[in-house]
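Here is how names work: the chains are called A, B, and so on, in the same order as the sequence lines, proteins then strands, and each is numbered from 1. The basis for the numbers below is simple: all heavy atoms, side chains too, and nothing from hydrogens, waters or symmetry mates.
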Amino acid sequence: MSKILVVDDSETLRTQLQTDLAAAGYQVVLAADGFEGLDALRAHPDIKLIFCDVNMPKMDGFEMCERMLGMEIFKGIPILMLTTESSPEMKVRGKQVGVTAWITKPYIALRMLAAVRKLVAA
Amino acid sequence: MSGKKMGPRDLAAAVKKLMRSASESRLRSQCWRQDLEVREIQGEIPVLGHWMSVILISHPAIKLIFRAHFNGVEARKLAAGPYKKGANEVTLSQAQDFANEFCNLVAGLIKRSFEKQNIVMGISLPLGTRGFDEVYFPGEDGTRMFTDRWSIGGGDASLSCSASIEVQEAGRFPALDLDALLDLDDEGGIEFL
């Protein structure tokens with residue numbers, strides 16, 4: 001059972017995503033901001049994929065990804081940015097900090113799960 | 001609209017329509033309820049709800065504030081869908097978070113509508129506060145500051161929305177297609193970078 005980290009300051013979004021991922025057979029770890037996300041990665045070295053919001057208090061998604069780039073143990077974990085942001089500039093910045101794919105909120109469960117299957121299998 | 005000089009009223013009128021459409025669309029998808037629809041608010045009501053979520057959407061030429069007003073009972077009913085619980089099992093904190101995320105989704109859609117016409121706007125984090133704080137927002141002056149109020153509801157649940165639209169410089173958008181602004185985006189696009 002692959003483990004997935006969800007980092008988002010919205011409890012509503014975390015709950016929805018956890019429900020959809022768990023129903024598809026994934027184990028889900030939750031974090032409310034970038035700080036908690038990095039703590040979760042250290043506590044769960046078997047995380048296979050990360051969902052991350054951009055706009056969060058305390059530490060935003062870009063900073064969390066930048067910090068991950070600097071740590072060898074976190075390299076190679078696919079990151080899906082799940083956010084209301086969608087500008088080309090944001091996506092370029094996302095790519096620079098190691099983001100694998102960009103999902104614009106609100107997500108569609110079938111499309112999201114198809115992307116997860118592709119990235120976890122890779 | 002190309003070739004026609006657009007004034008603040010024209011822009012504000014189009015943005016009002018956009019905010020109403022965006023809020024209806026996002027609440028329907030967030031709650032999985034297609035029965036929710038925009039309704040007019042009757043009468044002069046100084047404070048629309050016990051709680052309020054606020055989000056800012058900003059460009060140097062136009063500043064928008066979107067607010068969702070709600071009471072705990074009705075917000076719990078709307079939040080029950082996404083939380084997959086009975087309304088009486090949803091906590092007030094979860095209902096408040098639901099309203100914050102609703103504001104976030106609406107702001108994202110508004111931002112994207114402008115971005116499709118190369119107008120880049122910034123959005124804030126949503127902020128939850130008391131409903132009474134609504135009284136601090138300025139009213140309409142008819143020249144630069146415009147306001148709107150509506151509710152979205154169906155069956156036994158609804159929430160109210162309000163908007164402040166401050167037009168600093170309507171002439172900054174000479175090529176803005178107001179009809180295209182209302183062409184709402186598809187949801188859930190995925191792009192591999």
Side-chain angles (χ1 to χ4, degrees), chain A residues 8-20 22-23 32-33 51 53-58 60-61 65 78-119 122, chain B residues 22 25-32 53 55-57 75 78-85 89-116 118-128 185-193:
Chain A
D8 198 297
D9 58 323
S10 167
E11 183 184 354
T12 307
L13 189 289
R14 292 197 304 270
T15 303
Q16 284 180 295
L17 202 42
Q18 180 179 37
T19 302
D20 288 333
D33 57 57
F51 279 91
D53 191 7
V54 169
N55 297 317
M56 296 183 286
K58 299 183 187 174
D60 70 17
C65 293
I79 304 168
L80 286 94
M81 224 57 154
L82 176 58
T83 171
T84 53
E85 301 282 1
S86 62
S87 68
E89 294 78 15
M90 285 276 184
K91 292 175 186 175
V92 165
R93 188 166 172 211
K95 189 166 183 177
Q96 288 169 346
V97 298
V99 172
T100 314
W102 199 275
I103 305 179
T104 309
K105 284 182 181 177
Y107 68 87
I108 293 177
L110 285 177
R111 291 187 200 170
M112 177 274 292
L113 289 170
V116 169
R117 277 194 296 274
K118 181 174 175 174
L119 290 170
Chain B
S25 166
R26 284 301 181 249
L27 195 62
R28 282 178 174 178
S29 64
Q30 198 185 8
C31 298
W32 304 331
S53 292
I55 196 161
L56 314 177
I57 310 137
L78 293 169
Y83 278 98
K84 289 197 164 72
K85 293 179 181 181
E89 296 173 288
V90 176
T91 66
L92 178 59
S93 171
Q94 288 171 334
Q96 288 170 328
D97 184 273
F98 165 85
N100 282 354
E101 184 64 7
F102 165 60
C103 285
N104 190 35
L105 293 171
V106 172
L109 184 49
I110 291 167
K111 181 172 150 67
R112 250 195 327 284
S113 289
F114 277 95
E115 270 171 8
K116 284 193 290 190
N118 299 315
I119 297 167
V120 179
M121 305 186 85
I123 58 177
S124 70
L125 289 173
L127 168 72
D185 198 300
D186 184 29
E187 303 174 343
I190 300 180
E191 185 178 338
F192 285 86
L193 303 181

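Residue contact with chain A, scored on non-hydrogen atoms closer than 4.5 Å, involves the backbone and the side chain of B:E191 alike. For chain B, the nearby parts of A:P57 are the backbone and the side chain; heavy atoms of each come within less than 4.5 Å. Contact annotation for A:T19: only side-chain heavy atoms (C-beta onward) come within less than 4.5 Å of a heavy atom of chain B. Heavy atoms of A:M56 lying under 4.5 Å from chain B belong exclusively to its backbone. Both the backbone and the side chain of B:I190 have a heavy atom closer than 4.5 Å to some heavy atom of chain A. Both the backbone and the side chain of B:D97 have a heavy atom closer than 4.5 Å to some heavy atom of chain A.
Between B:Q94 and A:E11, the shortest heavy-atom contact is NE2-OE2, 2.9 Å. Across every non-hydrogen atom of B:N104 and A:T84, the tightest pair is O-CG2, 3.4 Å. Residue B:P82 comes nearest to A:T12 through the heavy atom pair CB-CG2, 4.0 Å, listed as atom of the first residue, atom of the second, then distance.
The environment of NZ in A:K58 is sparse: at most 12 heavy-atom neighbours from other residues, nucleotides or ligands sit within 6.0 Å.
Rounding to the nearest 0.5 Å places CG of B:L105 at 8.0 Å from CG of A:L13. Rounding to the nearest 0.5 angstrom, the gap separating the CD atom in B:E101 from the CD atom in A:Q16 is 7.5 Å. Summarising the geometry, atom CG belonging to B:L125 is positioned 6.5 Å from atom CG belonging to A:D9; distances are rounded to the nearest 0.5 Å.
Contact count versus chain B (heavy atoms, under 4.5 Å) is highest, among A:P88, A:A115, A:S87, for A:S87.
For the side chain to side chain contact (heavy atoms under 4.5 Å, CB included) test with B:L193, the passing option among A:V99, A:T100, A:I79 is A:V99; the others fail.
Between A:T15 and B:F98, every side-chain heavy-atom pair lies at or beyond the 4.5 Å cut-off.
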